[in-house]
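My questions all concern the structure below.
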Amino acid sequence: MATKKHTGQDLQLDKDQLKASIVRHLRSTLGTSEQKASPDAWWKATAAAVNEQVYERLTRTQQTHFKKDTRAIHYLSAEFLMGRLTSNNLHNLSLYKVCEEALADLGLDLTDLCEQEPDMALGNGGLGRLAACFIDSLATLNYPAVGYGIHYEHGLFRQEIQDGRQIERPDSWREYGNPWEICRPESVQEIPLYGYVETVFGDNGGLKKVWHAGRKIKGVPWDIPVVGFGGHTVNILRLWESRASEFFDWDVFNAGGYVNSQAEKAQAETISKVLYPNDETDAGKELRLIQQYFFCACSIKDIMRRYKRAHGNDFSQFAAQIAIQLNDTHPTVAIPELMRVLVDEEGLNWDSAWSICYHVFSYTNHTLLPEALEKWSVHLFEKVLPRHLEVIYEINARFLDELVEPKWPGNDAIKAKLSIIEEGAVRKVRMGNLCVIGSSKVNGVAEIHSKLVKEDLFPEFAQLWPEKMCNVTNGVTPRRWLLACNPELSALYDDAVGNTWPLALDKLREVVKSADDPQFQQKFMAIKRRNKEKLVKVIKAETGIEVSAEAIFDVQIKRLHEYKRQQLNLIHIMALYRRLLTNPDYQMHPRVFIFGSKAAPGYKLAKDIIYAINKLADRVNNDTRIQGKLKVVFMPNYRVSLAEKLIPAADVSEQISTAGYEASGTGNMKLALNGAVTIGTLDGANIEIAEEAGAENCAIFGLNVDEVKTLKARGYNPYDFYYGNSELKAVLDWFDTDYFTPGRPGELAAIKHSLLEGGDPYLTLADFHSYSEAHKLIDTWYRDPALWARKAIINSATMGKFNSDRSIQDYVDRIWKLTNCNVG
Ligand code: GPQ
């Protein structure tokens, strides 16, 4: 019997069919005509035509999953940074070319049309984008998976730059509708909050807890289909929107309380109104805890509903069927929620319920920064989730008595450290400890990070459960981050190694043998050059700044944080500028430093650094004395769709965090994959990138993790470096002047202050010299075109390990134990 090569092949469309479908949707779905349709209507009609394909495959996937009933993973994440979906869905359905041609026939350009789509920015940065890459890989590898999160009405703020300063504007990604989401009223859930707990006699004579909620909130699911590459599996991302439980409280309304009933409605809707714009800091707000509980409780109910449809009230298969991944501590409250549901509502005894929970949950840690490890005051917990606090106390008591006491008899210090409850003036619930105690596996996101999680963050837990701690190095989807964003390089790779690399990124290693081939080098660098020329236009359009594609494009794109050290890049650019001013013959290839970064609105120093970069840019870009050798560009409103334009055009990738602070990084992977050479510290995944590409193809600098620890233990004094390096001193003293802020001296002084009196907690000054030397190396390399091309090619060709498909397969093998479910 002939095997079908491609499931879903019967659905493939040709150009004319797609064209007809787009026009039909333009008329019948969008209610307009070819003559008067706006670009927005054309985009939505195109999406609607594509959705015919998506929904059919979604239905087939769901039928297959129901029939096969194998274990599924439920990825709980407060953030999914999806970006745009049009080009991604077209690529994954193998419809991109067809659609391009269909639209061309209609006189339209697909790339332009894709620009109509607002980014779905329901995340802050790396953590949210990782979740988006992971659900792409899960669908691509045909694993049954559901992503669960929050349907924020407003995603991450839109950043405007006014006189060099960041201004936050609301993001309204779905103001005019979004064609990729479907509301599912049939799966609405109701969620309790507040109230009190009553102890009553249960049917079997035992005591039973009943939570009388003070309020109820409705959770309305919105599904975003997640199309795997090849279009076989279409999973869903289910995002919960909060609504008031009853639209109108008629009694209140009739009694003249219209305003009150409206206030209730507004309060309920507030829960999913906005994404917290903090990255790696604990917001510590009541609303944030409610957000977390809201989406976890809705998701657990949804998981229960689906499980019961297949298994009724027999929970013996629950742990075998259900895996739940906690993406950082934000969804931790899912653990006591599942315990509550199993014990209070389903009547299981504690031990059975706990055994289920323990086997269902796993936790990924994404940071070692203490300020990011969430803690909630016991008082707040008691008010919002009174029953959950009781459950947490019970989990904690059993853990301390049954595990800690036998292992460390009478050791109160260890008990205090491992307890879920932090004692003190304000007692707190430690979500990290709860995660570790309630999960069967805990993973970090790069080798070094996982080692530090084990040795520094949770050493006693690692002693208790050595087999619980593991590593899964992060990855990125090569479909979005090479195939879709860099079409010319993709085509070159198709020619060189065949077109299977989007599924098997390791294939690109074959290209290493061409790294010294002048013809291949020429093609590779010509593509980079054209990508840079495209970016030159974007830079001009967005900032008015003129840059030359002849220069080295040196890119630092990531959230603004002291540990990521944009300030190190900043002071190094100032040093270069000073060198050029003091020595007009200073030898360097022209360089454009490009930044893209949002600062948390309340993070004052981060905002000052953005301001300083912009003020430096004003001065440098308009200084004719340096003959255009140096340009500085701050691209406003950094987001996924902008990353897709910056990354293919980058020559140099700045990955310069203090060693031990960047858990992994994923931008580092995307940039190297597109042929940028990394200048970086031995931190996070940089270490593994250098292993794959060869250390000689990266510019590694700075203190390593051990050296950072040693220096800190010895007592780090930034003044040693300030007085020990006259260039560094001169650069820092510049901050006190009005050189960059004419007429307003001292406006940038906070940066200098943080690096000296502030103690320079991230060792910026300690790494300055080594960073500056690494940049000299980059410059020397670049001035040898064959050498540079070789390094760029090798970087791109050796990133196979960082395919998020590999990460997902590691999760499957080490944690989730799923079997693939091929959709027929
Ligand atoms: N990360 Cl805890 C975030 O983006 N936000 C967070 O709140 C936390 C971590 C990042 C982390 O900084 C990067 O090093 C990782 O590559 C990324 O998570 C994904 O693991």
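In each ligand, atom 1 is the first atom listed, and ligand 1 is the first ligand listed.
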For residues 671-680, dump all side-chain donor-acceptor pairs below 3.5 Å to protein atoms at least two apart in sequence or in another chain.
from: Asn674; atom 1: OD1; to: Asn486; atom 2: ND2; distance (Å): 2.9
from: Asn674; atom 1: ND2; to: Trp481; atom 2: O; distance (Å): 2.8
from: Asn674; atom 1: ND2; to: Lys670; atom 2: O; distance (Å): 2.9

List of N/O pairs, ligand 1 versus protein, all under 3.5 Å?
from: ligand 1; atom 1: 1 (N); to: Glu280; atom 2: OE2; distance (Å): 3.2
from: ligand 1; atom 1: 4 (O); to: Gly126; atom 2: N; distance (Å): 3.3
from: ligand 1; atom 1: 4 (O); to: Leu127; atom 2: N; distance (Å): 2.9
from: ligand 1; atom 1: 5 (N); to: Asp279; atom 2: OD1; distance (Å): 3.2
from: ligand 1; atom 1: 7 (O); to: Glu280; atom 2: N; distance (Å): 3.2
from: ligand 1; atom 1: 12 (O); to: Glu280; atom 2: OE2; distance (Å): 2.3
from: ligand 1; atom 1: 12 (O); to: Tyr563; atom 2: OH; distance (Å): 3.1
from: ligand 1; atom 1: 12 (O); to: Glu662; atom 2: OE1; distance (Å): 3.0
from: ligand 1; atom 1: 14 (O); to: Glu662; atom 2: OE1; distance (Å): 2.6
from: ligand 1; atom 1: 14 (O); to: Ala663; atom 2: N; distance (Å): 3.3
from: ligand 1; atom 1: 14 (O); to: Ser664; atom 2: N; distance (Å): 3.0
from: ligand 1; atom 1: 14 (O); to: Gly665; atom 2: N; distance (Å): 3.1
from: ligand 1; atom 1: 16 (O); to: Asn474; atom 2: OD1; distance (Å): 3.4
from: ligand 1; atom 1: 16 (O); to: Gly665; atom 2: N; distance (Å): 2.7
from: ligand 1; atom 1: 20 (O); to: His366; atom 2: ND1; distance (Å): 2.6
from: ligand 1; atom 1: 20 (O); to: Asn474; atom 2: OD1; distance (Å): 2.8

Test: Arg158 and Glu160 ion pair at under 4.0 Å
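Counted as a salt bridge, because a side-chain N and a carboxylate O are separated by less than 4.0 Å.
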Taking the six-membered ring for Trp and the full ring for Phe, Tyr or His, determine whether the centres of Trp240 and Phe295 are under 6.0 Å apart.
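That pair fails the under 6.0 Å test.
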State which residues pass salt bridge (Lys or Arg N to Asp or Glu O under 4.0 Å) with Arg806; sequence neighbours excluded, sorted by chain then number.
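Applying salt bridge (Lys or Arg N to Asp or Glu O under 4.0 Å) to Arg806 gives Asp810.
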Taking C-beta and beyond as the side chain, do Phe361 and Lys441 meet within less than 4.5 Å on heavy atoms?
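No, side chains not in contact.
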Could I get the full list of ring pair (Phe, Tyr, Trp, His ring centres under 6.0 Å) partners for His572, not counting sequence neighbours?
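So His572 forms a ring pair (Phe, Tyr, Trp, His ring centres under 6.0 Å) with Tyr771, His775.
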